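Since the structure comes first, as structure tokens, the remarks are kept for the end.
Chain letters run A, B, ... following the sequence lines, proteins first and then strands; every chain starts at 1. Everything numeric here is computed off the predicted structure, so don't read it as measured data.
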Protein chains: 2
Amino acid sequence: MSASHRQIPGVNAERTRSHNRQMVLGSVRAAGAIGRAEIARASGLSTQAVSNIIADMLADGMLREHGRRTGGRGLPVQQYAINPTGGYGLGIEIRPNAVFSALIDLTGATKHSHRTELTNNQPKTVLAEVAAHKVRALHDTGVRETSVLGAGVVMPGPFGATGIQNSGSDLPGWQDIDPQGLLEDALHLPVFVENDANASAMAERISGVAQGLETFAFLYFGQGLGLGLLQGGRLVSGAFGNAGEIGHIPVIAQGVPVALESCVSRLSVQAHLCAHGIDARDMDDLSRLYAQSAPPLLQWLDTAAQPFSAAIGIIENLFDPQVVILGGAMPDALLDHLINAVRLPDRSVSNRADRTQPRLMRGTSGRMTATLGAAALVLNQAFTPMIAASR
Amino acid sequence: MSASHRQIPGVNAERTRSHNRQMVLGSVRAAGAIGRAEIARASGLSTQAVSNIIADMLADGMLREHGRRTGGRGLPVQQYAINPTGGYGLGIEIRPNAVFSALIDLTGATKHSHRTELTNNQPKTVLAEVAAHKVRALHDTGVRETSVLGAGVVMPGPFGATGIQNSGSDLPGWQDIDPQGLLEDALHLPVFVENDANASAMAERISGVAQGLETFAFLYFGQGLGLGLLQGGRLVSGAFGNAGEIGHIPVIAQGVPVALESCVSRLSVQAHLCAHGIDARDMDDLSRLYAQSAPPLLQWLDTAAQPFSAAIGIIENLFDPQVVILGGAMPDALLDHLINAVRLPDRSVSNRADRTQPRLMRGTSGRMTATLGAAALVLNQAFTPMIAASR
DNA sequence: CTTGAATACTCAAGCTAGTTGAGTTAAACG
DNA sequence: CGTTTAACTCAACTAGCTTGAGTATTCAAG
């Protein structure tokens, strides 16, 4: 589980090609449609190398021709674009009482999604259910098994033994086992396990509002509050995979220090409404209450704004992201309200004069964000080489 | 300046070799003395490849033979170790009124250090002074110019236009220029520019208490308070290089929300002492006062402990580091006092049952930590390939 | 309309660096 | 003292990038 004692791998010709393929695919994706010469210029590779790689990728269907672009001098550029059916990412979200799945194509479009209830969450039951989701997704869409590049799996964290046990979200019976290995056996696919916040961040990068961004933070409203961090297109997940547990940091609410997620989270709004005799079970209830301008809800938004602003300030000053994105299990209208209501701190490295984007944005992946994000983990892998640019 | 819009480079055979050299050097460094077969096993490369690389590195002096290790069966291992004189890193720290420099060898040992005052800090004056430091370091040590692998430079941040202008630490006249380019021209070396906290973190990794750690946080007491973050041996520096500005986050001190660095920093302790009629100008004054158990100083330590604990909790929950290290311009005795006095938060992902290391440690690079860290940036570059291990 | 410049791309040869498999050396075991 | 084990070397092979010459297609100028 520890990310810290991993040995750095050596590189041979095969890995070189794999890296360059990822780089080419990432360039094509970023550009929409692009020619070989331009990729070569941007990457420092020779045109010939890019040409060979593109020939390969046409052969295995990941790219397709996209017409010639004329207008300048010289030979018109033969452009290439991502072939949507060239590969798929399977996303699985395991919750204590349900399993969700989504299948997305290479462009990030959702081709299938499904949900089943769990009667118990013993590993054996869950693994069987997960495998059934895969079979169903392939069957319903007609996608061949070999086209699936891998599976992303979102599970309740935190992973390993930490000081935040019994937060209610962990899966019993999953503490002392290796989820990745078991899932790979069950799915016969490469598996990437992440928490909901990290996966959701990836969903925004692959098919949401963060397309083209490499370094940003995603604030995830789940039961509590989580933070997904991307730097240079890669997740920052800490030494043991538990980075981003922002819900537990102390903030001041009405002069009293409390945990952030006790005043900014879905549980907190539900508790507040409950105290006012309102039973809001799900997102639809919340949406309805907001549409009705229910006073207790507006009051909650009011009290949440201040600690929320403090949290944004902390994120900005610690990570210096391009933008902070909000999403998760909270109705869009409420998130928009929060974004508009919040007064962002002036003392922040993100309070730059030359900004072109807002500091705060709402994610566009909706309530399926974590499941889509799980699938997006797979695509990100295909698009983003492991080599960072040198400083 | 923006780290975010950099194009990922392609890889060719030459870059492959460069990566593998870094990997080999890193393995040797981590092990102290090691044979080829072991490196090959750990990296997945063939023995032959490792053999060729080691032959190269013996030829250019970065490695040296380190006797055979017998004991097992089979041919005794021919071991190799880092050759201290095989390369050097130059560290430069630019402050508003002074320039510091240090030259460290491949094992991280300091071979030379020097300090000069600045009469003004216009770029021209500073660049000339910096160049003079290099000449002097080479002259005094007899190190050849070609053995210097690069220069790390620490400058007051934050970089670019942010909401934290006029913090008093920025260099006037350096806002709209490209420091890295100018420094490379002045030094004729590859230059790595970082802030003090990031560089100090690197000092601990290369020659301090964080050797062997890949993912940790370094809390730096400068004028204010900064945070250096390493994940997988690489700095996390955000989209614009300003990550880690932890001094500006709000905490509660005596029931009132204030900026963290207004109660935990050197300026804060000096202000507190000043209010009690004590003039503490430098670290020696503070050390003396602490040795005398001066009540105002103990009182400051007392009030600082609580916000300090909150800060540690935030760092741990957001980054999940292996450890948090304390250092910078604060006497060791005071840091040790803080470490012993602080009650670390229970609600933290770092509060693990299976810990073998303490959650909080003091750095061992002393007051030169940022300058040494600047030099360490160069060595880290030589030891740490850019490819992350795959998840 | 012709010619030349610009640009994208292909072909074929060459180079770098990693892999593979057979062979050599030296220590430890029985 | 032979056998086993492990590290290492040699030489042939292979993957994949680069280089340089050549081709195709468009635009612009005369």
Open item on the list: Just the rounded figure in Å: distance from P of C:dT7 to CD of A:Glu38.
Closed with: 13 Å
Task: Proximity to the side chain of B:Thr16 - top-ranked nucleotide from C:dG18, D:dA6, C:dT19 - done: C:dG18
Task: B:Ile34 CD1 - D:dC8 P separation (whole Å) - done: 10 Å
Open item on the list: Mind checking if A:Asn20 touches a base, just sugar-phosphate, or nothing, with heavy atoms under 4.0 Å?
Closed with: sugar-phosphate
TODO: Would you mind telling me which of C:dT16, D:dC8, C:dG18 lies closest to the side-chain atoms of B:Ile53?
DONE: C:dG18
Open item on the list: Between A:His19 and B:Pro9 (side chain of the first, backbone of the second, donor and acceptor by atom type, cut-off under 3.5 Å), is there such a pair?
Closed with: yes
- [ ] Have a look at the helix from C:dC1-D:dG30 to C:dG30-D:dC1 and give the angle its two end axes make, five pairs each, rounded to 10 degrees.
- [x] 0°
- [ ] Could you check which of D:dT9, D:dT25, C:dA5 has an atom nearest any side-chain atom of A:Pro76?
- [x] D:dT25
TODO: Would you mind telling me which of C:dA8, D:dC8, C:dA5 lies closest to the side-chain atoms of A:Arg41?
DONE: C:dA8
TODO: Output the single nucleotide from C:dC29, C:dT19, D:dA7 whose closest atom is nearest the side chain of B:Val77.
DONE: D:dA7
- [ ] Can you tell me the distance, in whole Å, between the CD atom of A:Gln48 and the P atom of C:dG14?
- [x] 16 Å
Task: Closest to the A:Ala49 side chain, choosing from D:dA7, C:dT20, D:dC17 - done: D:dC17
- [ ] Rounded to the nearest angstrom, tell me the gap between atom CZ in A:Arg73 and atom P in C:dA6.
- [x] 6 Å
Task: Length of the line joining B:Leu45:CG and C:dT20:P, which is rounded to integer Å - done: 11 Å
- [ ] Would you classify A:Gly10 as touching base, sugar-phosphate or nothing, given that sugar-phosphate means primed atoms plus P, OP1 and OP2, and contacts are heavy atoms under 4.0 Å?
- [x] nothing
Open item on the list: Both B:Gln79 and A:Leu75 contact DNA chain D. Taking the nearest nucleotide for each, which residue is further toward the 5' end?
Closed with: B:Gln79
Open item on the list: Looking only at the side chains, is there a donor atom on one of B:Arg205 and B:Thr384 sitting less than 3.5 Å from an acceptor on the other?
Closed with: yes
- [ ] Check for a donor-acceptor pair, side chain of B:Gln231 on one end and backbone N or O of A:Val236 on the other, with a separation under 3.5 Å.
- [x] no
- [ ] Could you please name the option among C:dT10, C:dA26, D:dA28 that lies closest to any side-chain atom of A:Thr47?
- [x] C:dT10
- [ ] Rounded off to whole Å, could you give me the CG-to-P distance for the B:Asp56 and C:dA17 pair?
- [x] 8 Å
- [ ] Would you mind telling me which of D:dT9, D:dT18, D:dC17 lies closest to the side-chain atoms of A:Arg17?
- [x] D:dC17
Task: Heavy-atom side-chain proximity of B:Phe192 to B:Val378 below 4.5 angstrom - done: yes
- [ ] Say whether, by atom type as modelled, one donor and one acceptor occur between the side chain of A:Gln322 and the main chain of A:Glu214 under 3.5 angstrom.
- [x] yes
Task: Whole-Å distance separating the CG atom of B:Leu58 from the P atom of D:dT9 - done: 10 Å
- [ ] With heavy atoms under 4.0 Å as the rule, sort B:Arg68 into base, sugar-phosphate or nothing.
- [x] nothing
Task: Options C:dT19, D:dT18, D:dC8, nucleotide nearest the side-chain atoms of A:Asn12 - done: C:dT19
Open item on the list: Over all strands shown, is A:Ser46 touching base, sugar-phosphate only, or nothing at heavy-atom distances under 4.0 angstrom?
Closed with: base
TODO: Indicate yes or no: at least one non-hydrogen side-chain atom of B:Met62 is less than 4.5 angstrom from one of B:Arg21.
DONE: yes
Open item on the list: Should the side chain of A:Gln78 and the base of C:dC9 be counted as holding a donor-acceptor pair, with the cut-off at 3.5 Å?
Closed with: no
- [ ] Evaluate whether atom CD of A:Glu145 has more than 12 neighbouring non-hydrogen atoms of other residues, nucleotides or ligands under 6.0 angstrom away.
- [x] no
Task: Separation of D:dC13 P from A:Glu14 CD (nearest whole Å) - done: 20 Å
Task: A:Glu204 side chain to A:Val209 backbone, donor-acceptor under 3.5 Å - done: yes
